[in-house]
Novice: 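What follows is a structure written as structure tokens; I'll ask about it next.
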Amino acid sequence: MLKMALTACVFLIAGLTAAHGKVYTTYHWHMHQPIYWPDKLPSDPITYQKAYDSLELEPSQGGHPRNDINGIFGEDDRVNDYQHYPLDAIQSCQQYADMGAQVSFSGSLIENLDNLAVNNHIYASGWNSRYAQAFSTYKTSGGFPKLDFVSFTYHHVVATLVDKAVPSRDGVHGEGDTCTCRCRDRVGYCSQHSHLQGL
């Protein structure tokens, strides 16, 4: 039954392609890591712990978080994805003038990466520099970014599953900055797209 349904879908797509001439597809890299132990930071009680903070405080917190932070953030595929793999893919397709893709980083992931980088643990400062380069360098024939940044809520709230007020609160962080440009700035996007400032 499933095989028949898939075959029917293939023929439907082929028929639509023949009738209209083109099928457009896209690729999206979705990057997220949560705050693994959102307890207060002893040095700043109004701030929660990020990845490196939790690593340092784990012995004094009864072994919490129990997650392997070094393993989570140190996996080769994650280290590379968070710093450059999507860009390598875009570069490898430069011969296709209108090929493009999207990437998204949660605000909590960016905070964790910044926290690890500022402590020179697994990541170093400038972990996001290749993204900033890609946003300003790689363009389609129409002048659009070949790698575009897609925003979503800061702590990855699934908006359809929570009260209407929650996503708007989840987007606001720190001094009233919104997730959209705060996250985009950390991967070098807003500086290249000034019309997005203040989102």
Side-chain angles (χ1 to χ4, degrees), residues 25-38 47-55 65 67-93 99-140 144-162 166-174 177-193 196 199:
T25 61
T26 191
Y27 195 84
H28 179 90
W29 284 276
H30 176 69
M31 316 282 194
H32 171 65
Q33 290 294 334
I35 298 298
Y36 282 93
W37 192 249
T47 302
Y48 51 78
Q49 298 173 24
K50 285 87 169 175
Y52 188 80
D53 303 328
S54 291
L55 280 172
N67 308 86
D68 178 10
I69 303 274
N70 282 315
I72 291 166
F73 286 95
E75 290 284 331
D76 283 345
D77 66 331
R78 290 180 182 148
V79 170
N80 292 313
D81 280 343
Y82 297 159
Q83 296 180 102
H84 66 85
Y85 271 174
L87 312 171
D88 295 347
I90 295 295
Q91 261 185 317
S92 73
C93 297
M99 179 273 181
Q102 298 84 38
V103 65
S104 57
F105 281 80
S106 67
S108 55
L109 171 60
I110 291 170
E111 281 191 318
N112 281 319
L113 294 175
D114 283 347
N115 185 246
L116 291 164
V118 82
N119 290 287
N120 205 26
H121 187 77
I122 304 172
Y123 300 86
S125 67
W127 65 266
N128 56 347
S129 62
R130 294 245 353 251
Y131 283 98
Q133 173 197 10
F135 294 139
S136 64
T137 305
Y138 306 126
K139 304 287 185 186
T140 66
F144 298 102
K146 281 188 171 263
L147 185 63
D148 206 359
F149 191 94
V150 176
S151 296
F152 62 99
T153 56
Y154 204 86
H155 293 284
H156 206 295
V157 170
V158 180
T160 57
L161 301 177
V162 296
V166 172
S168 63
R169 275 187 249 141
D170 188 57
V172 177
H173 184 76
D177 296 333
T178 62
C179 170
T180 304
C181 241
R182 185 174 164 87
C183 295
R184 286 176 169 174
D185 274 343
R186 288 303 307 133
V187 290
Y189 190 89
C190 279
S191 60
Q192 302 301 323
H193 299 84
L196 296 172
L199 289 179

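These figures come from a predicted structure and were not determined experimentally.
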Novice: Compare every heavy atom of S108 with every heavy atom of Q33, then report the nearest pair and how far apart it is.
Specialist: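 Residues Q33 and S108, closest heavy atoms: O-OG, 2.8 Å.
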Novice: Roughly how far apart are H30 NE2 and S106 OG, rounded to 0.5 Å?
Specialist: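 Separation between the atoms: 7.0 Å.
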Novice: Does CG belonging to D77 count more than 12 external heavy atoms closer than 6.0 Å?
Specialist: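 Yes - once you tally the heavy atoms of other residues, nucleotides and ligands closer than 6.0 Å, there are more than 12.
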Novice: To the nearest 0.5 Å, how far apart are CG in N112 and NE2 in H32?
Specialist: 9.0 Å
Novice: State whether R130 and D88 are salt-bridged, where the test is any N-O pair (Lys NZ or Arg NE/NH1/NH2 against Asp/Glu carboxylate O) under 4.0 Å.
Specialist: yes
Novice: Quick one: does K50's side chain get under 4.5 Å of I35's, heavy atoms only?
Specialist: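 The answer is yes; the side chains approach within 4.5 Å.
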Novice: Taking all non-hydrogen atoms of both residues, which atom of Y36 and which atom of P65 are closest, and how far apart?
Specialist: O-CB, 4.0 Å
Novice: Hey, is the main chain of P86 close enough, under 3.5 Å, to the side chain of D81 for a donor-acceptor pair?
Specialist: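 Not a single qualifying donor-acceptor pair exists.
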Novice: Can you classify the ring geometry of Y131 versus F105 as parallel (below 30°), tilted (30 to 60°) or perpendicular (above 60°)?
Specialist: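 Y131 and F105: perpendicular rings.
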Novice: Taking the side chain as everything from C-beta on, heavy atoms only, tell me whether D114 gets closer than 4.5 Å to Y123.
Specialist: no
Novice: Is it true that Y85 and N80 share a donor-acceptor pair across their side chains at a distance under 3.5 Å?
Specialist: yes
Novice: Less than 4.5 Å apart, any side-chain heavy atom of D68 and any of N70?
Specialist: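 A side-chain contact under 4.5 Å exists here.
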Novice: Report the distance from atom CD of Q91 to atom CD of Q133, rounding to the nearest 0.5 Å.
Specialist: 6.5 Å
Novice: Roughly how far apart are I122 CD1 and E75 CD, rounded to 0.5 Å?
Specialist: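 Going from CD1 on I122 over to CD on E75, the span is 10.0 Å.
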Novice: Within a strict 4.5 Å, meaning less than it, do heavy atoms of the L109 and F73 side chains meet?
Specialist: yes
Novice: For A117, does its backbone N or O pair with a side-chain atom of S125 as donor and acceptor, under 3.5 Å?
Specialist: no
Novice: Please walk me through it: do N115 and H121 pass side chain to side chain donor-acceptor pair (under 3.5 Å)?
Specialist: CA-CA 9 Å; N115 185 246; H121 187 77; over 6 Å; no
Novice: Hey, does L87 have a side-chain heavy atom less than 4.5 Å from the side chain of W29?
Specialist: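 Of all side-chain heavy-atom pairs linking L87 with W29, none is under 4.5 Å.
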Novice: Does NZ or CZ of K146 lie under 6.0 Å from the centre of the six-membered ring of F144, at an angle within 45° of the ring axis?
Specialist: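 No; the conditions do not both hold, so K146 does not lie above the ring face of F144.
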Novice: Within the side chain of T137, is there an N or O that forms a donor-acceptor pair under 3.5 Å with the backbone of A134?
Specialist: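 No; judged by distance alone, with no hydrogens or angles, the pair does not exist.
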Novice: Rounded to the nearest 0.5 Å, what separates atom CG in L55 from atom CG in L116?
Specialist: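 L55 atom CG to L116 atom CG measures 7.0 Å (nearest 0.5 Å).
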Novice: Quick check for you: to the nearest 0.5 Å, what is the distance between Y138 atom OH and M99 atom CE?
Specialist: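 Result: 12.0 Å between the selected atoms.
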Novice: How far apart are the closest heavy atoms of T140 and P145, and which atoms are they?
Specialist: CG2-O, 4.3 Å
